[in-house]
Amino acid sequence: MIVPLSHLLLLASILFALGVVCVLSWRSNVIMVLVGIEIMLNAAVLVFVAGSYQWGMADGQVFALMIIAMTSAEVSLALAMVVYLHQRRKTVDVDAFRELRDR
Amino acid sequence: MISLPVLTLLIALPTAGALLLVVMRKREHQAKYVALGLALVELLLASWTWTAAGNPAPAGAPPGFFLFEDFSWIDSFGIRFTLGMDGISLLLVLMTALLTIIAMLASWRDIQQRTVLHYALLLLMESSLVGVFLALDLFLFYLFWEMMLLPMFFLIGIYGHGRRIYSAVKFFVVTLAGSLLMLLAIIGLYLIHGSETGVYTFSFASLLGTSLGPSVGLWLYGAFLLSFAIKFPLVPVHTWLPDAHTDASTAGSIDLAGLLLKTGAYGLIRFGYPLFPEAARTLTPLLLISAVTGILYGSWIAFAQKDMKRLVAYSSIGHMGFVALGIAAWTPVALSGAVLQMVSHGVTTSALFAMVGMMASRTDTREISAYGGLWGKVPVLSSFFLLFAMASAGLPGLNNFVGEFLILTGAYPVARTAAILAFLGLVLSLVYTIWLVQQLLFQEERRAMPMVDASSREVLLLTILAVGVFFIGLHPGPLLEVMALPIEILTGGAR
Amino acid sequence: MKTALTLIVLLPLLGAVGSILLGRLLPRRVVEILACGMVWGSFAAGLCAASIYTGPVVVELGSWISSFTFTAPISLMLDPLSLSLILMISFVCGLIHLYSIGYMAGDSDYVRFFALLNLFTGAMLLLVLAENLLLLYLGWEGVGFCSYALIGFWYKETKNATAGRKAFIVTRIGDIGLALGVVWMFKLFHTFSIPELNQAGQTHPGVGMGVITALGLLLLVGAMGKSAQAPLMVWLPDAMAGPTPVSAQIHAATMVTAGVYLLMRMFPLIGVSTVVVGAIAVTGAFTAFYGATCALAERDLKRILAYSTLSQIGYMMLAVGSGAITAATFHLIVHAFFKALLFLGAGCVINALHHEQDIFRMGGLRRTLPWVFWPFLAGALCLAGVPPTGGFFSKESILTAVYMQGGMFYGALYLVGTFTVLLTVIYTLRMVFLVFGKSRSSQAGSPAEKNIPVQPLPRIMEITLFPLALLALFGGVAGSVLASFLAPLNEQAAYSPHATEGILQGVASLVVLAGIVIAWLTYGHGHRWRERRLAAAARPPTRLVAFLQAGWYFDTLYAWLFIRPYTRLATFLWQRVDEGMIDDSLDWTAAQVGRGGQFFGRWGKGRLSLYMLSLVAGATIMIGWFAWEVL
């Protein structure tokens with residue numbers, strides 16, 4: 001192993017935390033929330049890769065590739081929705097879309 | 001005949017009637033008569049149970065109960081469908097049946113919209129009230145106790161006037177809050193009894209002997225007492241009553257004042273004192289203070305009222321204070337007086353509310369200052385009103401006097417200060433009653449309001465109540481006799 | 001005997017019920033005859049009972065209330081006291097019923113009137129015949145209710161209705177004393193029965209003099225209310241708002257004597273306490289004096305008679321307070337006769353003068369209403385206690401009894417009583433002279449002087465005056481008969497030697513004579529002082545006169561002390577306490593709960609940012625917890 005597992009996990013946690021912070025700090029902005037989610041997903045990918053490297057099994061790499069693929073699809077859909085919502089409401093404020101709330 | 005489960009029938013019949021009315025809801029005119037007919041059948045059934053009054057207790061029944069029905073229901077929790085009738089519940093069930101008919105007659109022409117629902121609600125009320133008076137399983141009792149709230153809520157909220165939604169919600173929430181505490185106490189009792197004896201049951205007879213530590217007993221009894229105090233109502237948890245009474249329709253007020261208030265007193269007599277004797281003894285001073293305050297405070301405030309119905313509502317607080325005094329004294333004479341006063345007050349206050357309703361429906365106002373000189377305009381109505389007002393003021397020869405005097409005589413040896421203060425209540429109740437009579441019946445006519453005298457339906461219902469007033473006032477023997485045995489058992493035959 | 005006693009009470013009650021239910025359907029004459037017939041039937045039954053009377057008897061008719069130890073049967077008791085009283089009551093009430101036929105001839109509301117009058121008679125007879133205190137209380141309150149309804153009979157005028165209300169409330173205050181006493185007695189002696197109570201008092205263990213005193217004082221309070229003694233006397237003058245037959249029957253002859261009767265009945269029990277007896281005497285003496293002084297300044301004919309009633313009942317109480325039950329009963333019966341007579345005569349006068357009631361506007365009626373004048377004069381002489389009328393002997397026997405008690409206390413009461421006799425004579429004759437006497441100048445505004453025709457009176461009103469006049473005048477003869485009849489009740493009166501009695505009678509006669517002279521000089525026909533008096537009456541009253549006319553301002557005192565605070569407190573308790581504090585606190589709690597609910601409700605309002613924050617926070621907490629657990 002090039003680096004100890006703990007380093008990798010630490011890096012992944014920091015990355016995840018950064019993602020959380022991104023979501024929380026800009027939680028009113030849809031695009032920033034999506035960015036934060038991306039970062040968190042990447043942190044998860046990192047953990048998967050680290051695990052596969054640790055135990056020498058290909059499952060982790062496969063899962064990482066799956067996540068990347070899924071994420072791309074998800075992001076494109078999400079951003080498409082964001083563009084659509086922006087066309088409707090002229091805003092990307094999360095709190096502006098509350099139709100599904102309980103009254 | 002003997003195998004007929006009369007008690008269950010007494011509860012089931014009005015409910016079945018209500019369902020029948022739902023089916024008939026398009027035919028309003030027939031529905032009213034069907035409802036009245038069912039109420040009459042119920043009255044006949046209840047009267048029939050009087051004939052069984054002298055019988056000894058059937059097998060399995062607690063002492064004093066001459067009718068007893070016990071069916072298994074939710075055995076895994078120890079809940080059984082147990083009903084029992086003794087002298088006290090007989091009188092109250094009879095009164096329920098009678099006053100439901102009176103309520104129906106009094107509102108015969110008043111309800112123009114959603115008529116069928118109104119009568120169905122009255123029948124449901126009757127069902128739940130009879131259930132409260134007959135239940136001998138604590139869970140079942142609680143079930144009927146809560147069941148009373150719903151029809152009354154709708155009766156006030158839909159058919160009332162003024163701030164009816166506010167009053168209905170207030171009534172519902174306040175009563176419910178107390179009842180929930182009682183539910184906790186019931187469950188607590190259930191668990192304690194179960195942990196002691198290994199038998200988990202809600203049956204009243206089984207729970208009777210549970211030994212409770214002093215503080216535990218106090219808390220449990222306190223919860224029961226609070227729930228009953230709200231229903232009585234006792235000061236200071238009485239404020240739902242003026243609003244609820246004033247804003248309800250005539251039938252709602254009759255049911256509320258005549259019957260609902262008695263459930264609190266009944267619960268205290270049937271469950272509160274027997275289940276928690278030591279705690280009840282400890283909290284007696286509290287009950288006495290509350291009772292006397294209710295008598296004096298309620299009657300005093302009644303004098304300041306401008307609205308007829310509110311005045312009668314506050315007078316109810318005063319009269320129920322007497323009942324509370326009688327119960328707090330817990331001697332045979334005082335308790336007899338309390339039960340008799342429950343019946344008398346039911347008759348008198350229903351009559352007063354019915355009459356107030358009659359007058360208000362003729363003139364569209366309940367303001368006292370708008371009336372005057374009714375004696376010349378509507379002599380029949382006025383004579384009845386004077387009669388019931390004098391009954392309310394405790395004139396001997398009429399019904400309230402007997403109960404009140406029994407209570408005072410029974411309470412004086414054990415609660416001297418409270419009884420002496422309660423005597424003042426006799427003056428206070430006269431002050432507001434006679435003021436009301438003067439403002440309404442005598443004096444000059446204040447506002448020109450044409451009025452028609454009583455119709456034959458109204459004369460009928462008022463005569464029934466007047467007969468009740470005179471009967472209880474002059475010949476209370478039969479009623480006192482029928483309640484003597486249960487009271488003796490309850491008070492342990494103490495002097 | 002049982003039938004007779006039952007009929008005595010039952011007949012008037014049946015009459016009342018019959019009138020209420022059928023009165024409007026029957027012709028007027030039938031209703032009137034029914035009402036009168038019932039009362040006279042009661043009198044006849046009373047005579048029957050008297051004829052077969054051999055000694056005290058108790059008759060039980062049934063059970064009223066019976067619950068565990070609380071038993072109140074419907075029992076009637078006949079003994080000398082109740083026998084003499086029921087004969088008097090039914091006789092006087094019978095005459096007044098007849099009188100009312102004439103008096104109420106122009107009134108269309110006669111059904112209610114006669115029904116209430118009958119009901120009253122029945123209740124009063126029940127009160128007197130009751131064997132136990134609870135039944136007595138039934139009659140007691142029954143007469144109170146009828147009194148209320150009859151005072152306010154002409155209800156269209158507010159002041160009449162208010163007068164009735166005042167009477168009912170003030171007497172109810174007194175009734176509490178009685179009720180409390182009854183309940184206390186039950187606690188001590190476990191019975192309501194009057195004979196048993198009277199015997200138990202002496203022998204019961206653990207019942208000390210203090211308890212008996214308290215019981216007696218409570219009964220005294222009850223008597224004060226019903227018999228209009230100080231300080232609960234304020235209702236009687238206002239009660240004159242009712243029709244005159246009502247004033248005659250209820251407020252002269254019967255109801256107001258109920259209090260005295262109660263004390264006489266329970267005397268064996270409470271009489272052992274000197275405090276109680278003294279209190280009764282003081283109450284009586286003070287009220288006698290008070291009534292006389294107020295009558296002296298009063299202008300309204302009926303109110304003079306009302307104050308006079310207060311005064312005379314004060315004498316009866318004084319007699320009871322000196323232990324002389326016989327004298328009290330004697331005075332009670334004679335007073336009933338002459339006071340009813342005076343009231344009925346006053347009714348004739350008032351009717352004749354088109355409802356004028358101010359005596360300073362009357363005069364000269366001696367010529368115009370001779371059939372009224374002579375009986376009225378007879379009654380007035382009785383009231384004044386002029387020898388040898390019945391009134392003289394009865395009043396004099398009271399004063400003798402007071403004197404014979406001896407001691408400073410009773411000596412002072414004797415002086416008060418004698419002085420009040422003087423005042424009584426003066427106000428009585430003042431009344432007679434001003435109403436019936438002629439005035440020299442034509443300043444006086446009496447219609448007789450001005451030749452305005454006087455309203456003719458129904459014959460029956462005048463006829464009924466005569467039997468009463470005869471009874472009042474010659475009642476003195478009956479006195480000694482009564483004394484021996486009532487002897488068993490009279491254990492406490494001191495025996496008076498004949499010499500002392502003669503001296504006291506002489507003293508009383510002198511006082512009466514002095515009073516006659518004074519009254520004659522001041523108000524008599526043709527004297528200068530009369531003119532001065534009449535002129536003075538036309539001006540606003542002096543301070544002393546105003547004080548007396550306002551009843552020593554007791555009404556004002558009570559209004560300031562009780563009525564106004566009561567009304568203010570009622571509104572205060574309602575608006576500030578009940579609605580302000582209790583109800584508002586409930587509403588406040590509800591509002592707080594509502595706000596709390598709204599506050600927490602903001603969590604679910606659809607704000608995604610908040611959801612995310614909550615999600616992260618929750619996850620952090622959970623992870624932190626698990627981490628804590630693991631590490």
Side-chain angles (χ1 to χ4, degrees), chain B residues 170 173-174 235-236 238-240 242-243 297 300-305 314 331-333 336-337 340 373 375-376 383 386 390 393-397 401-402 405-406 408-410 412-413 419-420 423-424 426-427 430-431 434-435 437-438 441-444 474-477 480-481 484 487-488 495, chain C residues 20 24 62-70 72 109 112 123 134-135 137-142 144-145 148-149 152 155-158 160-162 164-165 168-169 172-173 175-177 179-180 182-184 186-187 566-567 569-575 577-579 581-583 585-587 590:
Chain B
K170 188 158 151 188
V173 172
V174 172
V235 177
H238 65 284
T239 47
W240 63 269
D243 287 320
Y297 178 77
W300 210 319
I301 294 187
F303 180 62
Q305 296 307 312
Y314 274 109
T331 65
V333 175
S336 305
L340 195 63
W375 192 281
S383 329
L386 184 62
M390 285 299 112
L395 197 67
F401 168 73
V402 186
F405 211 81
L406 279 170
L408 289 169
T409 312
Y412 183 79
I420 294 179
F423 271 103
L424 288 178
L426 292 177
V427 176
L430 183 68
V431 168
I434 219 176
W435 183 79
V437 166
Q438 179 169 337
L441 303 184
F442 302 137
Q443 293 193 186
E444 274 298 319
L474 293 173
H475 190 55
L480 289 171
E481 247 180 69
I487 290 182
E488 198 175 323
R495 291 245 123 193
Chain C
I20 294 175
R24 278 175 231 274
S63 166
W64 181 25
I65 307 176
S66 172
S67 165
F68 297 97
T69 51
F70 186 112
D109 220 346
R112 181 161 61 107
L134 213 59
L135 205 60
Y137 191 74
L138 173 62
W140 185 275
E141 290 275 333
F145 167 70
Y148 155 72
Y155 56 87
K156 288 252 170 57
E157 284 198 39
T158 309
N160 296 343
T162 309
R165 180 158 63 106
F168 208 177
I169 295 180
R172 189 48 99 91
I173 297 177
D175 294 346
I176 300 183
L180 189 52
V182 171
V183 169
W184 193 354
F186 183 78
K187 174 200 168 192
Y566 185 91
T567 324
L569 199 56
T571 317
F572 175 78
L573 282 179
W574 175 36
Q575 286 169 339
V577 175
D578 207 56
E579 301 230 331
M581 285 181 6
I582 305 180
D583 208 29
S585 66
L586 208 63
D587 285 344

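Computed from a predicted structure; not experimentally measured. Letters A, B, ... are given to chains in the order of the sequence lines, protein chains preceding strands, and every chain is numbered from 1.
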Beyond-backbone contact of [X] with [Y], side-chain heavy atoms, under 4.5 angstrom:
| X | Y | value |
| --- | --- | --- |
| B/T331 | C/F68 | no |
| C/K156 | B/E444 | yes |
| C/N160 | B/F442 | no |

side-chain contact (heavy atoms from CB on, under 4.5 Å) between C/I582 and B/H238: does it pass, once the steps are laid out?
-> CA-CA 9 Å; C/I582 305 180; B/H238 65 284; 3.8 Å; yes
Check whether [X] gets within reach of chain C through its side chain, its backbone, both or neither, counting any heavy atom under 4.5 Å.
| X | answer |
| --- | --- |
| B/F405 | both |
| B/L480 | side chain |
| B/L424 | both |
| B/V173 | neither |

In terms of heavy-atom pairs under 4.5 Å, which option from B/L340, B/V427, B/L386, B/V402 contacts chain C the most?
-> B/V427
With a 4.5 angstrom heavy-atom cut-off, which part of [X] approaches chain B: side chain, backbone, both or neither?
| X | result |
| --- | --- |
| C/W184 | both |
| C/S66 | backbone |
| C/I169 | both |
| C/D175 | neither |

Go through B/Y412 and C/F186 one step at a time and tell me if the ring pair (Phe, Tyr, Trp, His ring centres under 6.0 Å) criterion holds.
-> CA-CA 9 Å; B/Y412 183 79; C/F186 183 78; over 10 Å; no
Could you go through the side-chain contact (heavy atoms from CB on, under 4.5 Å) check for C/Y148 and B/V437 one step at a time?
-> CA-CA 12 Å; C/Y148 155 72; B/V437 166; 3.5 Å; yes
How long is the gap from [atom1] on [X] to [atom2] on [Y], to the nearest 0.5 Å?
| X | Y | atom1 | atom2 | value |
| --- | --- | --- | --- | --- |
| B/T409 | C/L134 | OG1 | CG | 7.5 Å |
| B/L408 | C/I176 | CG | CD1 | 10.0 Å |
| B/T239 | C/E579 | OG1 | CD | 9.5 Å |
| B/Y297 | C/L569 | OH | CG | 10.5 Å |
| B/I434 | C/F145 | CD1 | CZ | 9.0 Å |
| C/T571 | B/Q305 | OG1 | CD | 9.0 Å |

Chi angles and distances behind the side-chain contact (heavy atoms from CB on, under 4.5 Å) call for C/R112, B/W375 | CA-CA 11 Å; C/R112 181 161 61 107; B/W375 192 281; 3.5 Å; yes
Is the backbone N or O of B/L426 less than 3.5 Å from a side-chain atom of C/R172, with the two atoms forming a donor-acceptor pair by type?
-> yes
Among C/T567, C/I173, C/D587, C/V182, the residue with the most heavy-atom pairs under 4.5 Å to chain B is C/D587
Against chain B, work out which of C/V183, C/D578, C/D109 has the most heavy-atom pairs shorter than 4.5 Å and name it.
-> C/D578
Test ring pair (Phe, Tyr, Trp, His ring centres under 6.0 Å) applied to C/Y566 - qualifying residues, sequence neighbours left out = B/W300, B/F303
Pair C/Y155-B/Q438, side-chain contact (heavy atoms from CB on, under 4.5 Å): steps then yes or no = CA-CA 9 Å; C/Y155 56 87; B/Q438 179 169 337; over 6 Å; no
Looking only at non-hydrogen atoms, find the nearest pair between C/L573 and B/I301 and report the distance.
-> O-CD1, 3.7 Å
Looking only at heavy atoms, which two atoms of C/S67 and B/S336 are closest? And how far apart?
-> OG-OG, 3.1 Å
